[in-house]
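Below: the structure, in structure tokens.
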Amino acid sequence: MLQVNYIRQNRENVLERLGVKNFKETDLVDEVISLDDERKRLQLEFDNNQARVNSASKEIGMLMKQGNKDGAEALKAEVASAKATIEPLKEQMTSVEKQLTDILLLLPNLPAAIVPKGKTPEENEVVREGGEIPTLYENAVPHWELTTKYKLVDFELGTKITGSGFPVYTGKGAKLQRSLVQFFLDFNTAAGYHEYLPPFMVNEESAYGTGQLPDKEGQMYHATADNFYLIPTAEVPVTNVYRDTILKEDDLPVKMTAYSPCFRREAGSYGKDVRGLNRLHQFEKVEIIQIVHPDKSYEVLDNMVKHVESLLQSLELPYRILRLCGGDMGFTSALTYDFEVYSAAQKRWLEVSSVSNFENFQTNRLKCRFKDANGKTQLTHSLNGSSLALPRIVASLLENNQQEDGIHLPASLHNYFGSSIIN
RNA sequence: GGUGAGAUGCCUGAGUGGCCGAAAGGAACGGUUUGCUAAACCGUCGUACGGGUUAAACUGUACCGAGGGUUCGAAUCCCUCUCUCACCGCCA
């Protein structure tokens, strides 16, 4: 959530930045300002009246002690009239505050200066590429045939048990998942990230805290009997660890990592995009999250990008890093780098990680702050990234490394998987 | 799921209608003194939103789990909810 005072002081800039994100309802910005004016006016009037009530009440107490009943009664009448004024003011204040918050929730984060203009994924900028795109042998097939051939994933069984998009991993397929999770977590903790195993369901407050609500209401599974949401990413429970906290400056940066399954309804997806492991309703992911000093967040973003990059390098997968354009960025992000790996049999790039700086957009909502050197309380910045999402990593590992005698895994996984080959 | 007890500031914990934004102790921070891996003493030690100021100072309001109610006045009384603890039941 953007800060009202920031909007007030930087109106032109806010409008210009929202334009980069192709945000159309720019009237809302001025509406925020006028609602805030109204809020201030109401508060001042309310406070003044309330102050009168408070002091009169004190006086009544004293008069009663002195036995001055008539004086007390007279003051009571005065309080009653002040309260009559206050009552409607209170209602107006509540209503104006709610309108203000509702609108603020609709405004996306402002993109950083470096974010390219653009509307579609084609306008994302390729920042870097790495690894080598393999030349596959002549009988190479897409991963959904390999998973069947080696009995790694049973899609039909998942459909029977739950529904489409809920695959069942079996045998070596299950073990590969477990190995990757373990490898990723070890890689992250070695870099100083503290490991969490969070709840896989969150309450409404947490979903608001990180900005999934109200923006992505329909994308989350909702357990209505208890009003819990199945998490779409570990970002939600883990970032909320620091909801409503004031950290010491020395506590920063906070580095966290977590494995979790992720649940996404993916309403509106179809076609080749959803084939095999490309797009699922439930998948495994390891996430990294940092809460940092506002002056450091872009430096940290670069570090996180390098961290994820070296993880991909250790998997020996061909990858590229994209800087997302305004139109392709998420609601809460100020700058996002997407990582894609090349799926050689499908001959397409698959997104496997998204690393973002949210600046204080999440922390404003979360009230995650710190005391700076001058003793002033200010908002921290939050960042997160996948490191990594499993299904598409598995897809490209299978496809890119397939040979006549089986799938040859990268050296980094041999110990975790207990073998160098799937056959 | 049942019964009972509880929820106060960073922590412990007092406060049962006005003198309470809240005692006391501890932790933390700053200082003095002494000196050695510490003690003593002094001071500071909530958040949000307003007014005010170049910035402070100063000042108003709200907040003692959340929401409502009673009252001139609520941390304190009443109601609802949430959570915690204890015991019972069930159970991986």
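Here is how names work: the chains are called A, B, and so on, in the same order as the sequence lines, proteins then strands, and each is numbered from 1. Predicted, not measured: the structure shown is a model, and the values here were computed from it.
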Rounded distance in Å - [atom1] ([X]) to [atom2] ([N]):
{"X": "K40(A)", "N": "A48(B)", "atom1": "NZ", "atom2": "P", "value": "16 Å"}
{"X": "I86(A)", "N": "C72(B)", "atom1": "CD1", "atom2": "P", "value": "14 Å"}
{"X": "N5(A)", "N": "A48(B)", "atom1": "CG", "atom2": "P", "value": "12 Å"}
{"X": "K367(A)", "N": "U47(B)", "atom1": "NZ", "atom2": "P", "value": "14 Å"}
{"X": "L63(A)", "N": "C19(B)", "atom1": "CG", "atom2": "C1'", "value": "15 Å"}
{"X": "K90(A)", "N": "G67(B)", "atom1": "NZ", "atom2": "P", "value": "11 Å"}
{"X": "E205(A)", "N": "U82(B)", "atom1": "CD", "atom2": "P", "value": "14 Å"}
{"X": "N203(A)", "N": "A66(B)", "atom1": "CG", "atom2": "P", "value": "16 Å"}

| field | Residue pairs, two or more places apart or on separate chains, that pass salt bridge (charged side-chain N to carboxylate O under 4.0 Å, His left out) and touch residues 174-192 of chain A | value |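 Those involving residues 174-192 of chain A do not exist here.
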| field | Under 4.0 Å protein heavy-atom contacts per nucleotide of nucleotides 55-62 of chain B, with B for base, S for backbone only and - for none | value | -----BSS
If the threshold is 4.0 Å, N to carboxylate O, is there a salt bridge linking [X] and [Y]?
{"X": "D37(A)", "Y": "R8(A)", "value": "yes"}
{"X": "E45(A)", "Y": "R41(A)", "value": "yes"}
{"X": "D302(A)", "Y": "K306(A)", "value": "no"}

Identified pairing partner of [N], criterion: Watson-Crick or G-U wobble below 3.5 Å:
{"N": "C63(B)", "result": "G46(B)"}
{"N": "A7(B)", "result": "U82(B)"}
{"N": "A40(B)", "result": "U32(B)"}
{"N": "U71(B)", "result": "none"}
{"N": "A22(B)", "result": "none"}
{"N": "U76(B)", "result": "none"}
{"N": "A57(B)", "result": "none"}
{"N": "C91(B)", "result": "none"}

| Heavy atoms under 4.0 Å, any strand shown: does R369(A) hit a base, just sugar-phosphate, or nothing? |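 Sugar-phosphate contact only.
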| query | Is I60(A) touching bases, backbone alone, or none of the nucleic acid, heavy atoms closer than 4.0 Å? | reply |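 Counting heavy atoms under 4.0 Å across all strands, the contact made by I60(A) includes a base.
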| note | Which of G46(B), G50(B), G18(B) is nearest the side chain of K371(A)? It is G46(B)
| query | U71(B) phosphate, OP1 or OP2: any side-chain N/O from S57(A) under 4.0 angstrom? | reply | no
| N/O (side chain, R39(A)) to phosphate O (OP1/OP2, C49(B)) under 4.0 Å | no
Spacing of [atom1] belonging to [X] relative to [atom2] belonging to [Y], to within rounding of 0.5 Å:
{"X": "L185(A)", "Y": "L180(A)", "atom1": "CG", "atom2": "CG", "answer": "11.0 Å"}
{"X": "S206(A)", "Y": "E204(A)", "atom1": "OG", "atom2": "CD", "answer": "10.0 Å"}
{"X": "N68(A)", "Y": "M62(A)", "atom1": "CG", "atom2": "CE", "answer": "11.0 Å"}

| query | Quick one: does F200(A)'s side chain get under 4.5 Å of L197(A)'s, heavy atoms only? | reply |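 Sidechains of L197(A) and F200(A): in contact.
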Any donor-acceptor pair under 3.5 Å linking the side-chain atoms of [Y] with those of [X]?
{"X": "T189(A)", "Y": "E195(A)", "value": "no"}
{"X": "N188(A)", "Y": "H307(A)", "value": "yes"}
{"X": "E217(A)", "Y": "Y229(A)", "value": "yes"}
{"X": "E123(A)", "Y": "T120(A)", "value": "yes"}

Would you measure the distance from the [atom1] atom in [N] across to the matching atom in [M] and give it in whole Å?
{"N": "A22(B)", "M": "U59(B)", "atom1": "P", "value": "13 Å"}
{"N": "U76(B)", "M": "G68(B)", "atom1": "P", "value": "14 Å"}
{"N": "A7(B)", "M": "G67(B)", "atom1": "C1'", "value": "15 Å"}
{"N": "A74(B)", "M": "U12(B)", "atom1": "P", "value": "28 Å"}
{"N": "A5(B)", "M": "G9(B)", "atom1": "C1'", "value": "23 Å"}
{"N": "G6(B)", "M": "U16(B)", "atom1": "P", "value": "14 Å"}
{"N": "C45(B)", "M": "U33(B)", "atom1": "C1'", "value": "22 Å"}
{"N": "G43(B)", "M": "G51(B)", "atom1": "P", "value": "35 Å"}

| For residues 237-248 of chain A, which residues have at least one heavy atom under 4.0 Å from RNA chain B? |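 Output list: I246(A).
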| request: Take L44(A) and G61(A), find for each the nucleotide of RNA chain B with the closest heavy atom, and name the residue whose nucleotide sits nearer the 5' end. | output: G61(A)
